[in-house]
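A quick write-up on the structure given underneath.
In listed order, ligands and their atoms are each counted from 1.
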Amino acid sequence: MESLDQRLVSTWSHDHSSVPLSYVQPLESRPGSKVTNHNSCKTIPVIDLGGHNDRAHTTKQILKASEDYGFFQVINHRVSKDLMDEALNIFKEFHAMPPKEKVNECSKDPNGRCKLYTSSENYKIDAVQYWKDTLSHPCPSSGDHMKYWPEKPTKYREVVGKYTQELRKLALEILELFCEGLGLNPRYFCGGLSGSPHVLVHHYPPCPEPSLTLGLAKHRDPTVITILLQDQLVQGLQVLKDGEWLGVEPLPNAFVVNIGLLLQIISNGRLVGAEHRVVTNLTTARTSVAYFIYPSMESIIEPAQCLMNETTLPVYKSMTFGEFRRQFFEKGPKIEEELQKQDLMNNIIFLFLSTPTSPLTTVTKSPTSGKLPLL
Ligand code: OGA
Ligand code: NI
C-alpha cells in the first residue's frame with residue numbers, strides 16, 4: 001500500500017496525460033463535455049451585507065435565496081480583502097509544499113483531528129476516487145487547537161488564526177439574520193450549535209480529463225452553514241438547481257454561503273441544503289477554503305422547539321451531533337430515512353384524536369423536496 005504522501009493527487013498527477021481508471025466516475029455522475037460550458041444565464045443570488053439595505057430586507061433576501069437555491073454569495077461583509085488574500089495564499093503555499101512535509105505538518109494532533117487526506121475521508125471504501133487533496137482541522141474561537149496546526153508555511157498559525165476568528169464573526173452575523181427570518185431567538189446558534197467550527201482546505205490539481213472525473217461528489221454539507229472562500233482564477237463549484245448544474249462564479253471579495261443539513265433539520269425542512277459538487281479543469285489548480293459551522297458533539301440537533309405547535313410537528317428526529325455525524329459517515333445517502341421521524345403517522349393520529357378541528361395539512365407535507373445527503 002502506498003503511503004499518504006505518495007497517494008496525494010498533487011504528488012503524481014502532473015505526469016499523467018490521462019486519468020487513472022480508479023478516478024473515472026460512472027457514466028451517470030460524470031460531468032461530461034458540458035463541464036466547461038457553465039450556465040451563465042442563471043446564477044445564485046448575491047447579498048450585500050454592507051448596510052446599504054435595511055436589515056429586514058437583507059433577512060428576506062437571505063431566506064428567499066436559501067429557499068430557492070440553498071446557496072448565496074455575500075459581499076461587503078467586513079472581512080478584509082488583505083486577510084482573505086493572505087489566507088488563500090498561505091493555504092496554496094501549504095498544498096505546494098513537498099508531500100512528506102505536508103504529511104509531517106499534519107501529524108501533531110494525538111486525536112487525529114488535524115488531518116491531511118486525499119480524495120474523500122472515505123478513501124479506503126470509496127468505489128471511485130476524487131481529484132483532490134484536503135487539509136482539515138478544528139478552529140475553535142478559544143484558539144485551543146492551534147498547537148496542533150501546521151507550523152509551515154511559517155505564518156500559517158498567525159494568518160489562519162486571524163482568518164478563522166473573522167469567519168466566526170461573519171458566520172454568527174449571518175446566523176443571526178437566519179434567526180430573525182425564521183423566528184428564532186437571535187442567540188440561538190451562539191452556543192453549542194456553533195461550538196466546533198472546522199476549516200477544510202481543498203486543493204484540486206489540474207486534471208487531464210475533466211469530463212471523466214469529479215473533485216468532490218454530489219453532496220449536502222453536514223453543517224449548520226458553510227462559508228466558502230473560492231479562488232478567483234478558476235471556477236469549479238456547481239449547484240444542482242431544478243435538475244441542472246449551475247456554476248458558482250467566483251466574485252471578487254465574496255464568500256459563498258450554503259445551507260447545511262443541520263439548518264435543514266432545525267428549520268424543520270423550511271430551508272433545504274442544496275446538492276453541490278466540484279468539477280476539475282485542464283489547466284489551473286483550484287484551492288477553496290470551506291469554513292464549516294459544526295456544533296459540539298453533545299449538542300442536540302432537532303427542529304427548533306419554538307417553531308413547533310399543534311399543527312406543525314417535527315419532521316426530523318432529535319439526536320446529538322455526535323450521533324448525526326456517526327450516521328452521516330456510516331449510512332451515506334441512507335441517512336435520509338434515519339433523520340426523518342418514523343412515528344410521523346402516530347403523531348398525525350394523535351393530533352387527529354386530540355384536536356379533531358386542527359388543520360392537518362402542515363403535518364402531512366413532505367419535509368424536503370429532494371433527496372438527502374451524500375458525502
Ligand atoms: C465542501 C464543498 C466546495 C469547493 O467542502 O463541502 O462543497 O468548492 N466545497 O471546494
Ligand atoms: Ni459542500
Side-chain angles (χ1 to χ4, degrees), residues 9-10 29 31 35 38 43-44 66 69-74 84 87-88 91-92 94-95 115-123 126 130-139 164 167 171 196-207 210 213-241 245-251 254-264 271-281 284-294 324-325 328-329 332-333 335 370-375:
V9 182
S10 48
S29 36
V35 67
H38 292 292
T43 51
I44 65 164
S66 305
Y69 290 84
F71 264 81
F72 53 90
Q73 305 213 43
V74 292
M84 291 168 79
L88 194 60
F91 290 130
K92 285 184 178 178
F94 173 85
H95 279 289
K115 58 189 160 201
L116 178 67
Y117 55 89
T118 189
S119 184
S120 83
E121 277 195 87
N122 295 331
Y123 182 87
D126 276 339
Y130 298 94
W131 200 264
K132 104 171 147 53
D133 301 329
T134 298
L135 157 67
S136 149
H137 59 70
C139 49
T164 52
L167 266 273
S196 186
H198 277 58
V199 68
L200 283 82
V201 186
H202 304 302
H203 176 71
Y204 307 91
C207 173
T213 49
L214 284 174
L216 189 52
K218 176 171 93 168
H219 69 283
R220 293 184 168 99
D221 290 352
T223 60
V224 179
I225 56 170
T226 301
I227 305 185
L228 186 87
L229 173 60
Q230 299 203 81
D231 208 320
Q232 289 304 299
L233 301 176
V234 52
Q235 193 161 314
L237 174 61
Q238 297 183 330
V239 176
L240 192 58
K241 164 79 174 153
W245 287 104
L246 298 183
V248 179
E249 189 192 350
L251 297 178
F255 287 104
V256 178
V257 181
N258 67 278
I259 309 298
L261 277 168
L262 304 179
L263 189 52
Q264 176 172 327
L271 308 181
V272 179
E275 289 179 300
H276 53 288
R277 69 178 186 185
V278 175
V279 295
T280 60
N281 83 88
T284 318
R286 175 172 181 268
T287 302
S288 64
V289 186
Y291 179 81
F292 271 20
I293 289 291
Y294 274 152
F324 171 88
R325 254 187 84 79
F328 186 85
F329 284 108
I335 196 177
K371 284 218 185 96
L372 276 167
L374 240 188
L375 194 78

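Checked against the 6.0 Å centroid threshold, His276 and His219 count as a close aromatic pair. Less than 6.0 angstrom separates the ring centroid of Tyr294 from the ring centroid of Phe292.
A side-chain donor-acceptor contact under 3.5 Å links Asn281 to the backbone of Thr284.
Nearest approach of Gln230 to Leu237, heavy atoms of both residues: OE1-CB, 4.0 Å. Nearest heavy atoms, Glu275 versus Trp245: O-CZ3, 4.1 Å. The two residues Val234 and Pro250 make their nearest non-hydrogen contact at O-CG, 3.9 Å.
The shell of residues lying under 4.0 angstrom from ligand 1, judged by heavy atoms, excludes Arg277.
Looking only at side-chain heavy atoms (C-beta outward), Leu229 and Phe91 stay at 4.5 Å or farther from each other.
Relative ring orientation between His202 and Tyr204 is described as tilted, the plane-to-plane angle lying within the 30° to 60° band.
Rounding to 10 degrees gives 90° for the angle at the Ni ion (ligand 2) between OD1 of Asp221 and NE2 of His219.
In summary, the atoms of ligand 1 found under 4.0 Å from a heavy atom of Asp221, numbered by their order in the structure, are 6 (O). Atoms of ligand 1 lying under 4.0 Å from any heavy atom of Tyr204, numbered from 1 in the order shown and given with element: 4 (C), 10 (O). Counting the atoms of ligand 1 from 1 in the order shown, those under 4.0 Å from a heavy atom of Phe292 are 5 (O), 6 (O). Below 4.0 Å from some heavy atom of Ala290 lie the following atoms of ligand 1, by number and element: 5 (O). When each atom of ligand 1 is checked for a heavy atom of Val278 under 4.0 Å away, the hits are 3 (C), 4 (C), 8 (O), 10 (O).
Looking at Arg286, His202, Gln230 and measuring to atom 8 (O) of ligand 1, the nearest heavy atom belongs to Arg286.
Counting heavy atoms closer than 4.0 Å to ligand 1, residue Leu228 contributes side-chain atoms (C-beta onward) but none from N, CA, C or O. Contacts with ligand 1 closer than 4.0 Å are made by side-chain heavy atoms of Leu216 only, the backbone lying farther away.
Looking at His276, its N, O or S atom nearest to the Ni ion (ligand 2) turns out to be NE2.
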